[in-house]
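By convention in this document, chain letters (A, B, ...) are assigned in the order of the sequence lines, proteins followed by strands, and residues within each chain are numbered from 1. All values reported here derive from a predicted model rather than from experimental measurement.
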Amino acid sequence: MANLTTRFFGLELKSPVIVGSSGLTSSVEKIKTYEENGAGAVVLKSIFEEEIYFEYEAETNKQDLGYHNLEYLDYFDYEIKNDKIKQALELIQKSKQAGVSIPIVASINCHSGSEWVFFAKKLEEAGADAIELNFFVLPSDAELEAAKIKDYYFKIIGKVLMDVTIPVTIKLSPYFSDLARMVKELSETRMAGITLFNRFFNIDIDLDKKELVAANVLSHPFEYLQALRWIGIMSGRVDCGLAASTGIHDHNTALKMFMAGANAVQVVSGIYKHGAGFIKELVKGIETWMDKNGYQNMDELTGQANLQKVKNPSWYERVQFMKHFGEFDGE
Amino acid sequence: MTTLAEYLKERRDQEWRAELRKKLKGKERTNIPRVKMPEVDPNERVKFQNVEVNLGLSIEQAQREASRCMDCVNPTCIEGCPVQINIPEFVKNIERGEYGQAASNLKLTSALPAVCGRVCPQEKQCEEQCFYTLKLKKEPVAIGYLERFAADWERESGSVSVPECATKNGIKVAAIGSGPSSLSFAGDMIKLGYDVTVFEALHEIGGVLKYGIPEFRLPNATVDEELENLKQMGVKFETNFIVGRTASFDDLEKEGYKGFFVGSGAGLPRFMNIPGENYNGILSSNEYLTRVNLMGAADDKFDTPVLRGKNVAVIGGGNTAMDSVRTAKRLGAERSIIVYRRSRVEMPARVEEVKHAEEEGIEFMNLANPVEYFADENGRVNRMRVQYMELGEPDASGRRRPVPIEGSEKDIDVDLVIVAVGVSPNPLIPACLPDLKVSRWGTIEVGDNMQSSIPVIFAGGDIVRGGATVILAMGDGRNAAQSMHEYLSK
């Protein structure tokens with residue numbers, strides 16, 4: 001039987017299937033179940049700085065006592081922040097006490113530079129095995145130059161890496177004008193892994209209500225293609241591990257990601273749709289295929305179809321349909 | 001049943017008040033400038049922890065200030081008072097020279113008028129709703145100063161009136177904690193004829209009034225005299241008695257207690273949880289002020305140790321922060337600094353406390369927030385890193401929120417840091433009552449009538465609100481007394 005041991009988050013994982021950051025990883029029981037079903041690691045739900053602010057607002061509104069409680073509420077955001085850290089600490093500690101042996105990775109999403117560092121350090125103290133930076137600056141500010149955004153990324157990452165000793169990884173978005181260079185430069189920091197790509201909250205418009213609504217909360221199977229391309233392009237050109245995320249709904253997609261160069265895959269929507277058994281199916285499917293195709297271990301498989309190894313590497317960089325679609329008649 | 005409006009009208013229509021209104025024309029009243037509170041010289045007062053800053057009004061000053069009051073048909077000032085003191089009535093009694101009567105008016109609804117006259121944020125309550133503030137855009141009648149005057153006059157006159165109490169009904173009720181909410185509850189329940197016992201965990205009665213507020217703002221003797229009044233009314237006090245440890249609720253029920261009011265306060269200090277906060281020389285305002293106020297650490301006659309510093313930083317912008325920073329100054333600090341992450345306008349502290357602090361040479365480092373502490377080789381804090389802030393959009397409190405300025409960090413030499421960023425509810429009572437519903441933050445959940453999930457238990461003050469002003473806690477105590485009375489009368 002093929003050996004599925006791999007490395008990501010700077011750690012050895014007994015399986016390349018990681019439960020991605022989401023509400024799925026909110027309890028000890030769930031984390032145990034994922035491990036039992038063959039997950040190699042779990043990423044906890046991100047601590048969002050923005051969420052802390054919203055909770056502070058909600059608490060202040062609830063009190064509605066104006067001046068009388070101002071002294072109590074003045075620093076209440078710290079209370080909420082510390083409560084979030086306490087919850088993460090309890091979840092990590094109780095999971096480990098309950099016998100969970102796979103890595104538990106904490107995830108953070110902040111606005112301000114100082115908060116990234118604060119949370120990273122606190123989660124390290126809480127016992128997280130690694131940190132995943134859920135980092136994205138939506139370039140909606142028309143005055144903000146790309147270079148400044150990039151500079152901000154590296155400044156924050158530099159600070160976190162300086163202050164934290166456990167492995168730090170980043171879950172990146174595809175929205176960079178120099179994506180390949182960005183991924184490469186990130187890999188040249190002390191970054192212990194890069195996940196491509198982060199799937200964002202999307203909006204849609206409800207035509208009946210004529211208002212904005214949340215769109216497609218869960219991913220669709222066809223969404224894997226963008227990550228596949230970029231994993232393939234970057235595999236072998238970076239100094240850290242790569243993981244694929246978004247649209248991995250069956251073992252075939254996971255295998256494609258490995259062949260493109262991913263060391264691991266992060267899955268969420270499949271578990272939401274099919275439960276923890278989805279992980280088992282995925283692992284079993286990967287194993288069976290590897291056995292059938294003569295792959296002994298992940299090293300033999302990883303990156304076999306990346307840009308550097310395929311016969312027709314130009315396909316990775318082709319973005320226009322040209323002849324292919326010129327001949328396509330829709331049948 | 002008479003409504004409050006009807007009651008107030010009836011009182012306003014008394015002959016003496018109608019006559020008094022005619023004594024001066026409206027213009028003559030509004031042309032009188034607001035009285036200035038006489039104070040001890042700042043250079044002198046900073047030498048003493050127990051010298052009260054405000055000296056109180058003279059009879060002449062009080063009468064003149066009272067004559068500013070227009071005795072409005074619709075006294076909006078009362079709407080700003082959580083215990084609904086009949087403000088015009090007591091003020092007009094001062095104007096006509098009936099100071100004892102003024103004190104009696106106060107004691108009808110407030111168990112602690114001398115305390116409230118000193119520590120209530122009147123500028124945000126009754127005085128904010130005063131006709132002068134609302135309509136004339138002038139300085140309001142100094143209701144707080146007058147409240148203090150009436151309460152002090154009665155005490156100093158030696159003829160303290162004891163409010164009337166109903167015939168004893170023989171029903172035992174308990175108040176847990178002896179802070180403002182419990183005392184207010186006890187005052188109202190004893191008036192209703194109940195057999196009231198107040199259980200206090202510490203050796204002194206008064207709760208936050210004793211351990212939290214320094215004597216330069218609220219002398220302990222003043223609190224004791226108000227407590228004496230409650231004792232005269234028949235309220236019993238048990239000190240060194242921890243309900244939940246010394247005796248359980250079951251034990252007390254077996255002893256015949258039919259109702260409980262939990263006013264155990266918010267004695268759990270909060271910290272910011274930033275790097276270095278565990279170094280020696282960094283302590284909570286609770287600990288610092290308790291050592292000084294309750295345990296006499298500033299007095300050589302006591303053995304209580306307290307850390308002293310040359311460069312003292314106090315984190316926070318509320319009254320507790322002001323109390324701490326001014327205490328540090330009195331304990332010999334060369335530099336006492338308030339470090340607050342918003343601007344002066346957003347500070348929760350009473351305006352008067354900020355003014356007094358400034359007069360005493362306290363430095364204000366606004367729009368700055370500590371992010372890390374550093375220590376010497378002995379583990380004693382010696383440096384604090386602050387990050388500067390700018391103000392963003394207003395938050396739900398209506399104040400502009402602080403936004404960190406990246407890269408603005410600066411180090412400041414400190415050898416003592418007092419963290420005054422709020423407190424959390426005392427967890428003891430909720431911990432010993434598994435059926436008691438508490439919030440995520442440890443506050444006891446109550447309905448509008450202050451009744452908890454356990455019907456015989458009512459609660460109010462900081463244990464319900466997390467933190468509140470003295471007067472709001474007193475309002476809770478009154479509300480709970482009325483509700484418990486209704487509950488026990490069924």
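Checked against B:Arg440 for a salt bridge (charged side-chain N to carboxylate O under 4.0 Å, His left out), the options A:Glu55, A:Glu59, A:Glu79 give a single hit: A:Glu55.
Residue-environment remark: CG (B:Asp448) stays at or below the threshold of 12 foreign heavy atoms within 6.0 Å. Atom CZ of A:Phe200 has more than 12 heavy atoms from other residues, nucleotides or ligands within 6.0 Å. Counting heavy-atom neighbours within 6.0 Å of A:Lys32 NZ, excluding the residue itself, gives a total of 12 or less. Other residues, nucleotides and ligands place no more than 12 heavy atoms under 6.0 Å from the CD atom of A:Glu145. Within 6.0 Å of the NZ atom in A:Lys148, the count of heavy atoms belonging to other residues, nucleotides or ligands does not exceed 12. Residue B:Asn278 qualifies as open at atom CG: its count of foreign heavy atoms under 6.0 Å is 12 or below. Atom CD1 of A:Ile205 sits in a sparse spot, with 12 or fewer heavy atoms from other residues, nucleotides or ligands closer than 6.0 Å. Annotation for B:Arg344: atom CZ counts as buried by contact number, over 12 foreign heavy atoms lying within 6.0 Å.
Counting heavy atoms from C-beta outward, A:Tyr78 and B:Asn273 have side chains that stay 4.5 Å or more apart. Counting heavy atoms from C-beta on, the side chains of B:Trp441 and A:Asp83 come closer than 4.5 Å.
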### Task
Go through A:Phe118 and B:Glu372 one step at a time and tell me if the side chain to side chain contact (heavy atoms under 4.5 Å, CB included) criterion holds.
CA-CA 10 Å; A:Phe118 174 85; B:Glu372 188 164 2; over 6 Å; no
### Query
Passes side chain to side chain contact (heavy atoms under 4.5 Å, CB included), B:Asp462 versus A:Tyr72? Steps please.
CA-CA 9 Å; B:Asp462 288 357; A:Tyr72 171 66; over 6 Å; no
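The candidate with the highest count of non-hydrogen atom pairs below 4.5 Å against chain A, out of B:Pro402, B:Gly466, B:Ala420, B:Gly407, is B:Gly466. Of the residues considered (B:Ala321, B:Gly317, B:Gly316), B:Gly316 shows the highest number of contacts with chain A, using heavy-atom pairs under 4.5 Å. Note on B:Val371, B:Asn369, B:Val470: by heavy-atom pairs under 4.5 Å with chain A, the leading option is B:Asn369.
Residue A:Lys86 does not touch chain B at all, counting heavy-atom pairs closer than 4.5 Å. Heavy atoms closer than 4.5 Å to chain B are found nowhere in A:Lys155, neither backbone nor side chain. Residue contact with chain A, scored on non-hydrogen atoms closer than 4.5 Å, involves the side chain of B:Arg399 exclusively. Within the 4.5 angstrom heavy-atom criterion, atoms from both the backbone and the side chain of B:Val421 approach chain A. A:Lys121 touches chain B through its side chain: at least one heavy atom from C-beta onward sits under 4.5 Å away, while N, CA, C and O do not.
Scanning all heavy atoms of the two residues, the minimum distance from A:Glu57 to B:Ala396 falls at OE2-N, 2.7 Å.
A donor-acceptor pair under 3.5 Å is formed between the side chain of A:Glu71 and the backbone N or O of B:Asn319.
For the atom pair CG of A:Asp74 and CE of B:Met347, the computed distance is 9.5 Å after rounding to the nearest 0.5 Å.
In this structure, B:Arg401 forms a cation-pi arrangement with A:Tyr53, its terminal cationic atom sitting closer than 6.0 Å to the ring centre and no more than 45° off the ring axis.
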